[in-house]
Amino acid sequence: MARKSLIQREKKRQKLEKKYHLIRRSSKKEISKVPSLSEKWEIHGKLQSPPRNSAPTRLHRRCFSTGRPRANYRDFGLSGHILREMVHACLLPGATRSSW
């Protein structure tokens, strides 16, 4: 189980990313439309003004049940070992255990 502070920090980052998403997207569109380099630098400066934690690259997927940051499957939102346990317990319909 992940520490509660790390999970809360990740939630805060998600909230900030949603808040500044439109600002980032509009300024990136402006950069692509502007022909002169000096205007691009001005717009780039505006793009750097939001907080760093509002950048989408800072977000990290975590397991829905345990909060584990590694080995997550996007389709299920679970980490690998939790997914395996759920498949063995027949809690995921359509998923089969591997056998060879």
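Both backbone and side-chain heavy atoms feed into the values below; hydrogens, waters and symmetry mates do not.
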Practice prompt. Please step through side-chain contact (heavy atoms from CB on, under 4.5 Å) for the pair R84 and V87, ending with a clear verdict.
Written response: CA-CA 5 Å; R84 186 170 187 270; V87 168; 5.8 Å; no
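- Cluster membership check: L83 shares its hydrophobic cluster with F64, using side-chain heavy-atom separations under 4.5 Å among Ile, Leu, Val, Met, Phe, Trp and Tyr.
- Side-chain heavy atoms closer than 4.5 Å link hydrophobic residues (I, L, V, M, F, W, Y) into clusters, and following such links, possibly through other members, connects L78 to Y73.
- Heavy atoms only, all atoms of each residue included: P69 and H60 are closest at O-CE1, 2.8 Å.
- Under the 3.5 Å distance criterion, with hydrogens and angles disregarded, no donor-acceptor pair is assigned to the side chains of E85 and H81.
- Counting heavy atoms from C-beta outward, K11 and I7 have side chains that approach closer than 4.5 Å.
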Practice prompt. With salt bridge (charged side-chain N to carboxylate O under 4.0 Å, His left out) as the test, would you mind laying out the steps for E30 and K33 before giving the verdict?
Written response: CA-CA 5 Å; E30 286 181 37; K33 292 179 182 176; over 6 Å; no
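- Of the listed residues (E17, R52, Q14, E10), just one forms a side chain to side chain contact (heavy atoms under 4.5 Å, CB included) with R58, and that residue is R52.
- Residues L59 and L16 fall into different hydrophobic clusters, defined by Ile, Leu, Val, Met, Phe, Trp and Tyr side chains chained together at heavy-atom separations under 4.5 Å.
- Under the 3.5 Å distance criterion, with hydrogens and angles disregarded, no donor-acceptor pair is assigned to the side chains of N72 and R61.
- Distance CD/E42 to CG/L37: 10.5 Å, rounded to 0.5 Å.
- Here the side chain of T66 pairs no donor or acceptor atom with the backbone of C63 at under 3.5 angstrom.
- The distance from the CD1 atom of I31 to the NZ atom of K40 is 8.0 Å, given to the nearest 0.5 Å.
- When all heavy atoms are compared, the tightest approach of K29 to S32 is O-OG, 2.7 Å.
- K46 is not listed as a side-chain neighbour of S27, based on a closest heavy-atom distance of 4.5 Å or more.
- In this structure, the side chain of R68 engages the main chain of R70 through a donor-acceptor pair within 3.5 Å.
- Side chains of R24 and S54: a donor on one and an acceptor on the other come within 3.5 Å.
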